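Beneath this line is the structure, given in structure tokens, with notes to follow.
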Amino acid sequence: MIPAAFEYYRPTDLSGVIAILQEHGDDARVMAGGHSLIPMMKLRMAEVPHLIDMQDVAGLTGITIGDTITIGAMTTQAEIIDHAGLAEAAPIMREAALQIADPQVRYMGTVGGNVANGDPGNDMPGLMQCLDAEFTLVGPDGERSVKARDFYEAAYMTDREDEEVLTAVSFAKPAGGYAYEKQKRKIGDYATAAAAVQLVKDGGTCASASIAMTNLSDTPIYSDAAGAALTGTSVDADAVKAAVAAMLGDIDPVEDNRGPVAFKRHVAGVILARAIERAWSRA
Amino acid sequence: MKDEVTSREDRIDALGGMGCKRKRVEDARFTQGKGNYVDDIKLDGMLAGDFVRSPYAHARVVSIDTSAALEVPGVLAVLTAADLEPLGLHWMPTLAGDKQMVLADGKVLFQGQEVAFVVAEDRFAAADGVEAVVVEYEELPVITDPFKSLESDVVLREDIAGEGDGVPDGAHGPRKHHNHIFTWEVGDKETTEQVIENAEVVAEEMLYYHRTHPCPLETCGCVASMDKVNGKLTLYGTFQAPHAIRTVVSLISGIEEHNIRVVSPDIGGGFGNKVGAYPGYVCSVVASIVTGKPVKWIEDRMENLMTTAFARDYWMKGKIAATKEGKITGLWCHTVADHGGFDACADPTKFPAGFMNVCTGSYDIPVAYLGVDGVYTNKAPGGVSYRCSFRVTEAVYFIERMIELLAIELNMDAAELRRINFIKKEQFPYKAALGWEYDSGDYHTAWDKALKAVDYEGLRAEQAQRVEDFKAGKTRSLMGIGLTFFTEIVGAGPVKNCDILGLGMFDSCEIRIHPTGSAIARLGTISQGQGHATTFAQILATEIGLPADSITIEEGDTDTAPYGLGTYGSRSTPVAGAATALAGRKIRAKAQMIAAYLLEVHDDDVEFDVDRFVVKGAPEKFKTMKEIAFAAYNQAIPGIEPGLEAVSYYDPPNMTYPFGAYVCVMDIDVDTGVTDIRRFYALDDCGTRINPMIIEGQVHGGLTEALAVALGQEIAYDEMGNVKTGTLMDFFLPTAWEVPNYETDHTVTPSPHHPIGAKGVGESPHVGGVPCFSNAVQDAFRAFGLRHTQMPHDHWRIWKTANELGLHD
Amino acid sequence: MSDKKHYKITVNGKAEDVIAEPRELLIYTLRERLNYTGPHIGCETSHCGACTVTIDGKSVKACTMFIAQADGKEITTIEGLGGPDDLHPLQMAFKEHHGLQCGYCTPGMITRATKLLEENPNPTEEEIRFGMAGNICRCTGYQNIVKSIQAAAAEMNAAKEAAE
């Protein structure tokens, strides 16, 4: 498996990156860890005449913890797993990152690559929607923010313009209980179904709920209705059932080697119910 | 004579012979990254070859335009069928008596089929050249279902369709249809059908053993180097049978066999994938002849999964009859075998469905019938034995499922049903209804030991409780107890009935003792991880009384190794292991004469004792083998030639029949289809045990490959003949995370006809493991009315089973 | 074909100059240009880990990194872990506990394990299985690999204690 030849760039600042993007348009691609893009290039399923390696671009790594948590786009999954402050402030990040790929891939795979690629199989997009994260995009006209819940349009299609770079993700420090539940066939596989859940408990009642799922449509699915079904309830069996029903109304899985649609819908419900139960138990 | 104080036990230990857990001599180089695999070979001026492959499963090749490819910098040549035709090399013979296109000759029959071969200065230029070749195809109707194939008007193999009505015979006799390959029948059909018709109880089912792939971590590849000055061709490659490859290359290329040297370097796992001859080998040889330079071809993983050597793909319709008490009275099986576009099965010539006729298993079944129909489809050719002797995995899966189905029909415990039908110890050698003569066995002892080890009664009680809890809504998890008692048939095989392409399936060993008492032994086999350099030296150490550490084992170079048929089908120990022991005994016979001369007694007055010959009744008078070796070279002995060498070609009188008892305990999440293997107990009886450490390692590995096959590993096609599982994202190879710890155990029932009583073990765990994992899944649902569900038992199929049983309501 | 470029990498402590196309995968640079044939090619899609090397302190699958990306980096392969006279405890443990069969996955497996033990000197069996899940072995069923890593960990910890 040999990729087609390409021009390689390793700029050191964002303006350099953007200049190359402006020059080559969609003939150019930025690459973070490369563990999604390089296999596609080797299989010649992705053609990238101009490859921009982001590794030397200053200011794109690091995790800042405060009322708002900001994670630089080039922060790796391994760094997320190892960051004690993040594990304390937003433990769902670590729980999810541990379920991505395998150790070697987690050393290379980045948050930015995972969210910006638009691959419906990636875990971070659904998680970001659950956390109501904002993505920072920098382009020729400066910086703008997009909500994760508004970012994904279709498989590999996002709100990012060809000349923009996703530089960071940020979200308010989550409150309450959390769970990232994922069913997959084996290590290294994408999810058959995965659910990200954050619940806030007030007394015995669910004060707020945020729920998103992965790999069950051509984009991640944040389900407002699923969250609403839990809010104000004691998260009893009926409420969970209602939340699942709401989510099943929002997803649109397709058949693949992981199984037919009916199976995926069933598992989506089971995984979501388990995630809610676990999150509630931690709330 | 200095070591008189050394005890006999110490002398035995010092040899590192049979039965000890000798550490592997191979490991020093492998752990330091100093193995020498085919892709590590680098020759001066070496070029790279790469294939243009068909994206279609069935299409006519209208045209091939290589001009743009030839313009790619670094590309030197592009071979097509038109270039090979004048040499008669555009087709090649398969191991099954069929022929296969080397490069597409007018049409393609499966996705990934080789269409053109690009030769370039390096692999990057070759890959660019492949992209630049323009092939025009005209799509043809695709057939991926063997049953439909037998009814289709579409002629897949026009080259053998004949003219007018009827189709010409194939390599295995008459063909019924243009997409039919052979019919093979054994046993007594009429009586079997009568028995079934009149039986008190019959279980009947269609069992599909899905298509999968051996997928060793190293793919197939070769380096061909034609030395035009000396007229010598050297072919390095991932060959499980280097001598057979040499003979085949000679027969198809016309190069005399003495001018061909085939070398199998270190091989990164084989599991059957590396038995066959592939177009890449032929093209590399031709390219080397054309360019005068060495040419390397290494397939990538996708090419490996899509094109070289699938396994299984058997539709097995079974009927098993019994009395109300559970005594089996007859077994019937008809199999439709999907062989893909060419019949490239690796089976002995007389056995087009391999040893599928060992499908009566471990049971005393008075009458049986097996019929197999081979069929062409638009899938890749192959049909190799993936970690098993020829089609034995299919046979064992068949009988071990049929016995479970019979247990359901009889409403009987499946362990008990097995017990009352086992062939009894005193019945061996046992002539089975489908022709084989089982050499030895003690099934009842092994079964009892296994069931006791796992507390079978306790497990069943726990399972019953689980079913109650499930029904009461207390749990959503079911518990399956998988049972298997398998009998393998390995060590092919007696030349009287086993050959491949006319080559008798003996094997060989040649030993040279050096004057200082060390030795080199060469064999016709080739290790792919089995540790031959370690274990064959152990056999010899025991046989000739020199330390295993002083014996080098060499395999894989046809210029130096004696002729043999290679390593697959667990044949190394049963065949080459026997040759090794017998060659060792020839050494010992001569050593005895030398010892007697040195000790000044008659030959009959000395006897072998561990590492020496001693004068009978006077053990203080002896000559060590080391002393004898020195004397053999350095002392003139009247009537005896100098030197100490021997060679043995061993034609086994029979196969060997390893057996085993496996139990798997599995929990199944009914809602997600996720399985959790809680316990796996494997008792293997491989006869005499040469190295328990290596046996245990083989069992762990074989069980893991079995787990993969049973629980998800498959080569799946869509209706257009596209391979859906072409990378390791979708083709299931378990990681450490998905694999349990295994408990191993053993009994020892030596083979009576094998010189050291060994039977072979490498494939047992795979053969026995697959039905055991499958039975565990199916057993979990037995209480809810499941009879049978097809493998692989991945999450969604298990979920579907539960769903169809109404367990999600 | 794009133009070849000049790259500098350090492999097992030795500075290497490489003239290559940027698209050359690091595994080819190591194996074919520099003759470090210990790391192998298994799946080419970053699933099997046979090509695992250590790059700037991370376990990396060298089939999924271009030489251009590796420019300036420090790389350790199995050849850099220990030779005939100074075997790494993991190399010894794999030999001792039958942690390999065909040997093809072994260099990547051991290289990965060095990093695992560096990060977690006392791993449980579960942690070993999880931490080694980026490396596929087709022969051993992993049981003896786990055992080998446990044994090496014990050996390394004992040696460390003795030194303190």
Side-chain angles (χ1 to χ4, degrees), chain B residues 23-24 26-37 39-40 42 72-74 122-125 128 215-219 266-271 298 300-302 527-531 693-694 696-705 707 727-729 733-739 741-742, chain C residues 1 21 23-24 28 31-32 35-45 47-50 77-79 81-84 87-88 90-92 94-96 98-107 110-111 125-126 128-146:
Chain B
K23 304 300 175 204
R24 300 202 332 161
E26 295 89 341
D27 292 356
R29 67 177 186 279
F30 291 145
T31 53
Q32 292 173 54
K34 297 294 182 191
N36 183 34
Y37 302 89
D39 200 15
D40 299 340
K42 209 170 170 181
V72 171
D122 59 43
R123 61 171 89 225
F124 295 89
D128 290 343
C215 196
L217 201 53
E218 177 202 38
T219 60
D266 286 326
I267 295 183
F271 316 121
I298 306 287
D300 68 31
R301 177 57 58 194
M302 202 171 223
S527 181
Q528 308 125 39
Q530 295 91 339
M693 175 191 83
I694 285 182
E696 202 171 85
Q698 290 288 312
V699 173
H700 296 162
L703 289 174
T704 302
E705 291 192 346
L707 177 156
T727 71
L728 296 194
M729 170 68 95
L733 300 183
T735 71
W737 187 247
E738 289 95 22
V739 173
N741 272 309
Y742 305 104
Chain C
M1 201 187 290
E21 284 187 77
R23 66 167 162 167
E24 181 167 302
Y28 294 127
R31 288 177 47 78
E32 294 178 1
N35 294 326
Y36 293 105
T37 54
H40 295 133
I41 298 169
C43 72
E44 304 181 64
T45 53
H47 288 97
C48 82
T77 69
I78 184 78
E79 289 93 340
L81 295 181
L87 283 182
H88 188 282
L90 275 160
Q91 291 173 313
M92 287 193 277
F94 270 66
K95 279 173 65 175
E96 188 64 22
H98 194 27
L100 64 146
Q101 290 179 26
C102 81
Y104 200 76
C105 76
T106 310
I110 290 178
T111 307
E125 179 185 336
E126 193 174 59
I128 291 172
R129 287 184 178 273
F130 192 70
M132 297 302 295
N135 294 73
I136 287 174
C137 170
R138 290 288 288 142
C139 298
T140 64
Y142 304 103
Q143 196 154 326
N144 289 339
I145 289 177
V146 172

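Quick note on labels: first sequence line is chain A, next is B, and so on, each numbered from 1. What you see is a predicted model, and the numbers here were worked out from it, not measured in a lab.
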**Q.** Leading residue by heavy atom contact count with chain B [cutoff under 4.5 Å; candidates Leu81(C), Asn144(C), Asn135(C)]
**A.** Asn144(C)

Q. In terms of heavy-atom pairs under 4.5 Å with chain B, which of Pro107(C), Ala133(C), Gly134(C) leads?
A. Ala133(C)

Q) Which bit of Gln91(C) comes within less than 4.5 Å of chain B, counting heavy atoms only: side chain, backbone, both or neither? A) both

Q | Contact origin within Leu87(C) toward chain B - heavy atom pairs under 4.5 Å | A | side chain

Q) Side chain, backbone, both or neither: which part of Glu96(C) has a non-hydrogen atom closer than 4.5 Å to chain B? A) both

Q.
Checking side-chain polar atoms at under 3.5 Å, does Gln101(C) have a donor or acceptor matched by the opposite partner on Glu26(B)?
A. no

Q | Tyr142(C) versus chain B, the contacting section by heavy-atom distance below 4.5 Å | A | side chain

Q) Can you say whether Ile110(C) sits under 4.5 Å from chain B via the side chain, the backbone, both, or neither, judging by heavy atoms? A) side chain

Q: Select one option (side chain, backbone, both, neither) describing which atoms of Tyr28(C) are under 4.5 Å from chain B's heavy atoms.
A: side chain

**Q.** Proximity breakdown for Ala50(C) and chain B, heavy-atom pairs closer than 4.5 Å
**A.** side chain

Q.
Less than 4.5 Å apart, side chain to side chain, heavy atoms only: is that true for Cys102(C) and Leu217(B)?
A. no

Q.
So for Phe271(B), is it side chain, backbone, both, or neither that comes closer than 4.5 Å to the heavy atoms of chain C?
A. side chain

Q) Would you say Tyr37(B)'s side chain and Thr37(C)'s backbone share a donor-acceptor pair under 3.5 angstrom? A) no

(Q) Heavy-atom cut-off 4.5 Å, strictly under: side chain, backbone, both or neither for Pro84(C) against chain B? (A) both

